[in-house]
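The next block holds one structure in the form of structure tokens; read it before the comments.
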Protein chains: 2
Amino acid sequence: MELDDRKWTILKAIIQTYLETGEPVGSRTISKMPELNLSSATIRNEMSDLEEMGLIIQPHTSSGRIPSDKGYRLYVDRLMEEKEAEVSQMKQVMISRQDKMELLLKQIVRYLAVNTNYATMITSPQYHRTKLKFMQLSIVDEEQILATVVAEGNVVKNRIIHMEHGLNREQVLQLNILLNSRLNGLTIEQINLSTISKLKQEAGIQSDLISQVLDAVADAISQEEDVEVYTSGATNIFKYPELSADTDKASGLIHAFEEKHPLLSLMDNEGSEHAIKVSIGSELQNENMKDCSVVTASYDLGDGMYGRIGIVGPKRMDYDKVVGILKDLTGQLDEVYRNGDPDKQN
Amino acid sequence: MELDDRKWTILKAIIQTYLETGEPVGSRTISKMPELNLSSATIRNEMSDLEEMGLIIQPHTSSGRIPSDKGYRLYVDRLMEEKEAEVSQMKQVMISRQDKMELLLKQIVRYLAVNTNYATMITSPQYHRTKLKFMQLSIVDEEQILATVVAEGNVVKNRIIHMEHGLNREQVLQLNILLNSRLNGLTIEQINLSTISKLKQEAGIQSDLISQVLDAVADAISQEEDVEVYTSGATNIFKYPELSADTDKASGLIHAFEEKHPLLSLMDNEGSEHAIKVSIGSELQNENMKDCSVVTASYDLGDGMYGRIGIVGPKRMDYDKVVGILKDLTGQLDEVYRNGDPDKQN
DNA sequence: TGTTAGCACTCGGATTATTGGAGTGCTAAC
DNA sequence: GTTAGCACTCCAATAATCCGAGTGCTAACA
């Protein structure tokens, strides 16, 4: 069967009504809409067709219809197409360059939660492709050396290195020169074991001590993926009875928001070259979230720093609004962080 | 009326039974206990007395009794007395010195949540009394200077300072010497405006540029109280029907766990010189938490770094266990972080 | 052939009765 | 001071009832 124009209009009407009310939609409700002038009986016939096509579902005999995952999918896909060129008019968010990246992310995620009434999350930027900018070892006291690493985008990492027998100033100075001249400009990815072992050789006779330091530095740089996830508005799910009426469900969902890894995998954007991606219900492959939809977007702060933003809500999420807000936000980030400063900035 | 021995025994029995079951306790249940050999009728008389004294409450006519806030209070106070000398036997937690303080705190708060089945929280250590250990300015590029500050306890702070006209190496070197010689060993608190302005004078003629740097440094050091709060196990509240049966209540509670400031004020320990403090229901002065109890404890990592840990649960919390675990935990932290340093204690 | 009115039927959700049992307070006897 | 006995209360769980929104189907109509 084919989805003709009238069927599409009806499907849209059903979904939009359901988005608003959260209640199954009956034929009568649709027939009363002015834009299509049909009796409820006709609508019923069409609905029957739509159901046969798997786009809508009847929770039980003699109830109204609700969209199926497949129905949502279709709706969202078409929506995205329409949205593609559209200009949004969200009011300007207060984004300013922050020295503290963390603070900025928290602000954003909070802003989103407040403005959408859904649960939101954001990852800290990852920066594999980031280049090393500057690096410094300093003597703190006899046994401790502070290693400071600055990467593009002014991402700063510190590491205190404990040593049984400290280095003297002379040695530290040499090391600093060596490190900076050899590693500068390399991306984090490029600094791997072979680079390090080459450096060790160059360091010459003191290599015993120095290799300790280098190991620690290498460790500090390529530090285990410390992506952070910040969340906000988890309690917004209580605003949607279909998510919170059943205490167990609500509990599982909120719980899912406490765990970092499941959240990260939600925001994975593998297999999608679109910046904005919508995953619906079962597509999420997460038992706790089977009644949810997740909209994710990439943000890019320049300098190879990019991360993901996610919004979690009920399937009857206001996709239109959410996609719009995300588009605006990522656009604004772009503007602030890469505007008129084509070389680079924090 | 006086709380004689028998009344106390009965009260204890009521509270303990209620802690286990969460259901109002009837006279018959108590009378069946072997340690006191009384009929239910007698118990009823005593209960009537206890109610008159405000220690227990009858949710409605002809129901069993539950402890009142006042009752809990009495119970907890006496419990703490008994507990005072007792040795606990919790199995060793894996605590090791972490370079990343954040990670340690997250581990602890998670450990607590898992082991108590309550919601838990911990503040990052505050360190007003911490002494400055080391400090370094480095030139990153023409316009940016990196300021690194190390305090006791190896707390490291970074700050990128943007300058229109950069400093040359010579100037930076001088500044480093000046800063370290003047500020070293001072506590964060001691480095206030007057110290800074004195420094500015000493810096001499280049003071224009330099004062920019100093301002930024001062700012970085005394950075707005950036106490963090980490939480875990918020969803544990779903394990207690009296907290989660009503969706609104549960929502409010979980929501309270998303906000930093309310949590901080919960963990305030003003007015209590005890390391461990129990607040019950209305004592918390927080509408969302009126059905909860909060147990808080101080931890001390030495070097003037101390913070608070909190456990939030239903009023019928297992106070005994919670207090025990907290005692153990703070003890272990003490041991690991200040071992062989017998001068001060928590 | 597509649309519509009409009608019998279904089913979930809300509301109202019904019941059982745990618990109390009181009284009188030990 | 303690206890047995009894009448009474009230919640919570279960069952019974009702209501209405919504459907599918059929027959008539344009």
Side-chain angles (χ1 to χ4, degrees), chain A residues 1-11 13-15 17-18 20-53 55-68 241-242 244-247, chain B residues 1-11 13-15 17-18 20-53 55-68 241-242 244-247:
Chain A
M1 189 166 337
E2 213 204 331
L3 189 75
D4 59 29
D5 233 33
R6 195 171 77 176
K7 281 192 171 50
W8 170 238
T9 314
I10 292 174
L11 178 61
I14 292 173
I15 295 184
T17 313
Y18 182 68
E20 277 169 35
T21 64
E23 300 286 319
V25 183
S27 56
R28 190 116 191 295
T29 317
I30 302 297
S31 78
K32 269 185 294 197
M33 296 193 170
E35 62 266 36
L36 68 180
N37 210 356
L38 296 170
S39 79
S40 63
T42 313
I43 302 291
R44 280 204 287 283
N45 291 331
E46 295 288 28
M47 278 177 156
S48 175
D49 291 351
L50 286 171
E51 182 161 18
E52 200 180 317
M53 295 161 77
L55 296 172
I56 54 179
I57 291 173
Q58 211 173 8
H60 52 85
T61 338
S62 89
S63 86
R65 308 303 216 285
I66 62 174
S68 70
E242 67 267 45
S244 61
D246 176 1
T247 313
Chain B
M1 188 166 336
E2 214 203 332
L3 188 77
D4 59 29
D5 235 32
R6 195 169 77 177
K7 282 192 172 50
W8 170 238
T9 314
I10 291 174
L11 178 62
I14 293 173
I15 295 184
T17 312
Y18 182 69
E20 279 169 36
T21 63
E23 299 287 319
V25 183
S27 55
R28 192 121 188 294
T29 317
I30 302 298
S31 77
K32 269 185 295 198
M33 297 192 169
E35 63 266 36
L36 69 178
N37 210 356
L38 295 171
S39 80
S40 63
T42 311
I43 302 291
R44 279 204 288 284
N45 290 332
E46 294 287 28
M47 277 177 157
S48 175
D49 290 351
L50 286 171
E51 183 162 19
E52 201 180 316
M53 295 162 76
L55 296 172
I56 54 180
I57 291 174
Q58 211 172 7
H60 52 83
T61 338
S62 91
S63 86
R65 307 304 216 285
I66 62 174
S68 69
E242 66 267 45
S244 61
D246 176 2
T247 313

Which value, rounded to the nearest 0.5 Å, describes the distance between A:Ile30 atom CD1 and A:Arg65 atom CZ? 11.0 Å
To the nearest 0.5 Å, how far apart are CD1 in B:Ile15 and CD1 in B:Ile66?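 If we round to the nearest 0.5 Å, B:Ile15:CD1 and B:Ile66:CD1 are 11.0 Å apart.
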Can you find a donor-acceptor N/O pair under 3.5 angstrom joining the side chain of A:Arg44 to the base of C:dG6? yes
Any donor-acceptor pair under 3.5 Å between the side chain of B:Ser62 and the base of C:dT24?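 No.
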In terms of the nearest nucleotide of DNA chain D, which residue is placed more toward the 5' end: A:Gly64 or B:Ser40? B:Ser40
So which one's nearest nucleotide on DNA chain D is more toward 5', A:Pro24 or A:Ala41? A:Pro24
Sub-4.5 Å side-chain heavy-atom contact between A:Met53 and A:Leu3: yes
May I ask you to test the A:Ser31-A:Leu38 pair for a side-chain heavy-atom distance under 4.5 Å? no
Expressed as a whole number of angstroms, how long is the span from [X]:[atom1] to [N]:[atom2]?
| X | N | atom1 | atom2 | value |
| --- | --- | --- | --- | --- |
| B:Met47 | C:dC26 | CE | P | 15 Å |
| B:Glu46 | C:dT24 | CD | P | 14 Å |
| A:Glu23 | D:dG20 | CD | P | 17 Å |
| B:Asp49 | C:dG25 | CG | P | 11 Å |
| A:Glu51 | D:dG22 | CD | P | 15 Å |
| A:Ile56 | D:dG22 | CD1 | C1' | 13 Å |
| A:Asn45 | C:dG2 | CG | P | 11 Å |
| B:Leu36 | D:dT3 | CG | P | 10 Å |

Return no unless some side-chain N or O of [X] is found under 4.0 Å from OP1 or OP2 of [N].
| X | N | answer |
| --- | --- | --- |
| A:Arg65 | D:dG22 | no |
| A:Ser27 | D:dT23 | yes |
| A:Arg28 | D:dG20 | no |
| A:Ser63 | D:dG22 | no |
| A:Thr42 | C:dT3 | no |

Please determine, for C:dG21, whether a Watson-Crick or G-U wobble partner exists with both distances under 3.5 Å, and give it or none. D:dC10
If D:dC29 has a Watson-Crick or G-U wobble mate with both distances under 3.5 Å, name it; if not, just say none. C:dG2
[X] has a side chain; which of [options] sits nearest to it?
| X | options | answer |
| --- | --- | --- |
| B:Ser39 | D:dA4, C:dT4, C:dG25 | D:dA4 |
| B:Arg6 | D:dT2, C:dT24, D:dG24 | D:dT2 |
| B:His60 | C:dT4, D:dC10, D:dA4 | D:dC10 |
| B:Thr61 | D:dG24, D:dC10, D:dT3 | D:dC10 |

Does B:Asp4 have more than 12 heavy atoms from other residues, nucleotides or ligands lying within 6.0 Å of its CG? yes
Passes side-chain contact (heavy atoms from CB on, under 4.5 Å), B:Thr17 versus B:Met33? Steps please. CA-CA 11 Å; B:Thr17 312; B:Met33 297 192 169; 3.3 Å; yes
